[in-house]
Protein chains: 2
Amino acid sequence: MDKDDESDRQSGGIQSLDAALKLLSAMGGYLRPMSLSELARDCGMPPSKVHRYLTSFLNAGLVVQAGKSGKYDLGEGAIALGLAALARHDFVNRASDALPELCLESGLTVLLSVWGTHGATVVRWERAATPTVTSMGLGTILPLLNSATGRAFLTWAPPAPLQAIREAELRAARKASSTVNSQLRTEQDIERMTETFRMRGFSSVEGRFIPGLVAIAAPILDWQGRAQCVITLIGTDPAVTEPGSDAVRKLIGFCEKLSFSPIITG
Amino acid sequence: MDKDDESDRQSGGIQSLDAALKLLSAMGGYLRPMSLSELARDCGMPPSKVHRYLTSFLNAGLVVQAGKSGKYDLGEGAIALGLAALARHDFVNRASDALPELCLESGLTVLLSVWGTHGATVVRWERAATPTVTSMGLGTILPLLNSATGRAFLTWAPPAPLQAIREAELRAARKASSTVNSQLRTEQDIERMTETFRMRGFSSVEGRFIPGLVAIAAPILDWQGRAQCVITLIGTDPAVTEPGSDAVRKLIGFCEKLSFSPIITG
DNA sequence: CAACTAGTTTCATATTGTGGAAAAATGAGA
DNA sequence: TCTCATTTTTCCACAATATGAAACTAGTTG
């Protein structure tokens with residue numbers, strides 16, 4: 001039949017659907033109601049075809065016929081669809097809805113953090129049944145280098161916004177060798193650490209930020225693999241930080257489920 | 001052939017398109033990526049059919065395949081379509097044009113939200129010069145009871161579409177008394193609150209949804225007095241929520257100008 | 001390793017969408 | 001009010017196209 005299929009011929013789809021969607025997106029392109037013949041002309045389809053498609057869109061509520069002029073325009077259904085799609089990108093909300101569940105399953109205190117202007121910021125948290133003494137609350141800002149949460153951002157977030165704080169903390173770490181100091185002194189140290197985290201799929205810290213407590217953290221990634229937010233589990237048992245531990249598996253499972261790209265790229 | 005066509009047989013449309021759109025709107029109903037078989041089950045279609053439809057949606061960009069899990073979700077195309085459809089709404093359109101101005105004048109971060117399938121959805125926002133820590137972006141869904149934005153819908157939007165979420169949040173609020181709890185437990189509490197808001201002409205919240213931040217919100221009303229969208233100002237100074245404050249006056253003035261019926265019916 | 005389960009591809013078939021043309025509907029001018 | 005011109009909608013015979021079952025892969029679990 002067609003010697004050489006014209007343009008896009010992606011395999012597998014449905015021709016009439018493809019055409020219909022082309023029409024639909026064409027309608028998205030204008031910002032006023034369009035008459036049938038205008039649409040037909042612009043899409044290079046016979047009017048009868050366009051009319052049949054429009055009827056289906058009409059039934060589905062994606063398109064409405066404006067006024068009695070009979071012109072066609074995008075309708076409520078299209079708005080609803082778009083808002084639903086927008087909501088998918090709302091990682092924080094989807095994650096916080098599921099937070100209590102993770103808390104119950106793991107039996108640990110759970111934090112949900114995002115990257116704010118001043119660093120990793122706790123925006124949601126769920127306290128475990130066995131209350132662990134923490135001074136943590138909503139709005140707490142966690143250190144970048146010495147908290148599991150911060151380290152997760154360090155590993156999976158785009159570096160640019162972190163730069164300032166990263167440098168500041170590194171400088172502070174070098175000077176104050178008196179403190180319970182991290183082994184993190186140089187850029188190389190950091191590189192090595194994040195590489196490990198990236199492989200394992202989670203970051204961790206042991207009693208550094210809060211003595212006596214351990215924490216593990218994993219990112220929720222958008223479709224470009226950037227951390228949108230970070231989930232942290234806090235406990236007392238050092239075994240928690242072991243790769244393959246129950247808590248680790250639950251944490252990564254949780255984050256993987258909410259992420260749009262795989263956390264462990266093996 | 002068919003003596004009397006079973007159920008919906010709206011005239012004129014295209015069967016495969018109707019089925020495809022049914023699938024599409026089903027996808028809008030969930031707020032997480034769905035697997036092929038889940039979709040097939042829920043729509044009562046054979047998997048192969050669903051797969052073919054999805055391929056077309058994929059080619060059109062309406063749907064993306066999330067991560068390596070292979071699950072399907074609404075994509076950029078759906079967002080574009082929805083925003084295009086939103087632009088038809090005069091209210092949204094006129095409001096978003098004026099948004100930067102309000103942001104400048106008030107010096108606060110400004111949100112423009114509409115009511116979507118899953119709740120109050122941010123569709124436009126303007127960041128203040130003094131950056132405030134927020135986890136907010138396009139598509140963020142705000143809680144109904146514990147955000148200024150949500151409360152504005154609660155006060156000025158028709159109650160029917162809100163009902164489901166209202167009940168869900170109320171139930172959650174009663175259970176989780178452990179959390180930083182709202183004083184909102186009963187229908188009466190809500191009634192009292194909305195009455196106050198209605199008198200003042202704006203809703204407010206202090207550090208509930210986002211600790212350390214305060215917010216005020218007012219509706220843009222159509223000619224029937226229903227909220228078409230909601231404008232929210234976010235700041236850090238608690239004085240902002242005071243009736244008669246500079247921010248409040250600017251907010252209400254802004255909304256009043258764009259509304260088709262008076263906000264304060266005194 | 002075998003027995004599942006989930007996702008994708010293939011294929012023969014007739015169901016379904018197609019485009020042209022006819023029929024309504026709409027609108028403008030006289 | 002009547003006619004002409006344009007746009008929208010309906011009709012129809014034909015074959016192109018979507019269909020569902022089953023085959024084929026890939027990944028998982030006991």
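Numbered from 1 within each chain, the chains take letters A, B, ... in sequence-line order.
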Asks: I need a per-nucleotide contact map over nucleotides 24-30 of chain D, read 5' to 3'. Cutoff is protein heavy atoms under 4.0 Å; write B for the base, S for backbone only, - otherwise.
Replies: -------
Asks: Which listed nucleotide (C:dG7, D:dT8, D:dT19) is nearest to the side chain of A:Ser35?
Replies: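 Within the option list, the nearest is D:dT8.
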Asks: In a check of side-chain contact (heavy atoms from CB on, under 4.5 Å) between B:Cys229 and each of B:Leu221, B:Leu258, B:Leu112, B:Val123, which one passes?
Replies: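 That would be B:Leu112.
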Asks: Using only side-chain N and O atoms of B:Arg52, determine if any of them is under 4.0 Å from OP1 or OP2 of D:dT19.
Replies: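 Result: yes.
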Asks: List the steps and the verdict of side-chain contact (heavy atoms from CB on, under 4.5 Å) for A:Phe153 and A:Leu142.
Replies: CA-CA 11 Å; A:Phe153 281 107; A:Leu142 299 164; over 6 Å; no
Asks: So that I can tick it off, tell me whether B:Asp97 and B:Arg94 are bridged by a salt bridge, with the cut-off set at under 4.0 angstrom between side-chain N and carboxylate O.
Replies: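 Salt bridge between B:Arg94 and B:Asp97, a charged N being under 4.0 Å from a carboxylate O: no.
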Asks: Mark yes or no for whether B:Gln228, through its side chain, and B:Val92, through its backbone, hold a donor-acceptor pair below 3.5 Å.
Replies: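 Checked: no pair found.
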Asks: D:dT19, OP1 or OP2 - any side-chain N/O from B:Ser16 closer than 4.0 Å?
Replies: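 For D:dT19, OP1/OP2 do not have a side-chain N/O of B:Ser16 under 4.0 Å.
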Asks: Heavy atoms from C-beta onward define the side chain here; which of D:dT17, D:dT9, D:dG20 lies closest to that of B:Lys49?
Replies: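 Looking only at heavy atoms from C-beta outward on B:Lys49, the closest nucleotide is D:dG20.
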Asks: Side chain of B:Leu36 only, heavy atoms from C-beta on: which candidate in C:dT8, C:dT16, C:dT18 is closest?
Replies: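 Out of C:dT8, C:dT16, C:dT18, the nucleotide with an atom closest to B:Leu36's side chain is C:dT8.
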Asks: For side-chain contact (heavy atoms from CB on, under 4.5 Å), just list the numbers for B:Met27 and B:Leu54, CA-CA rounded to whole Å, side-chain angles, deciding distance to a tenth of an Å, and then say yes or no.
Replies: CA-CA 11 Å; B:Met27 295 189 69; B:Leu54 286 174; 3.9 Å; yes
Asks: Can you identify which nucleotide, out of C:dT8, D:dG20, D:dT9, has its nearest atom closest to the B:Ser48 side chain?
Replies: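 Minimum distance to the B:Ser48 side chain belongs to D:dG20.
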Asks: I want to confirm an ordering. Mapping A:Arg41 and A:Leu17 to their closest nucleotides on DNA chain D, which one lands closer to the 5' end?
Replies: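 Of the two residues, A:Arg41 wins.
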Asks: Counting only side-chain N and O atoms of A:Tyr72, is one of them less than 4.0 Å from OP1 or OP2 of D:dT7?
Replies: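 For D:dT7, OP1/OP2 do not have a side-chain N/O of A:Tyr72 under 4.0 Å.
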Asks: Please tell me which of the listed nucleotides, C:dG17, D:dT9, C:dT9, lies nearest to the side chain of A:His51?
Replies: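 So the side chain of A:His51 is nearest to D:dT9.
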Asks: Look at the side-chain N and O atoms of A:Gln15 and state whether any lies under 4.0 Å from the OP1 or OP2 oxygen of D:dT19.
Replies: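 No.
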Asks: Charged N to carboxylate O below 4.0 Å: is that the case for A:Arg166 and A:Glu187?
Replies: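 So A:Arg166 pairs with A:Glu187 through a salt bridge.
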Asks: Please, which pairs that meet salt bridge (Lys or Arg N to Asp or Glu O under 4.0 Å) have at least one residue in residues 33-43 of chain B, sequence neighbours excluded?
Replies: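 Checked against salt bridge (Lys or Arg N to Asp or Glu O under 4.0 Å) - neighbours excluded - the pairs reaching residues 33-43 of chain B are B:Arg32-B:Glu38.
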Asks: Can you tell me which nucleotide in D:dA18, C:dT16, C:dT18 comes closest to the side chain of A:Tyr53?
Replies: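 Among the listed nucleotides, the one closest to the side chain of A:Tyr53 is C:dT18.
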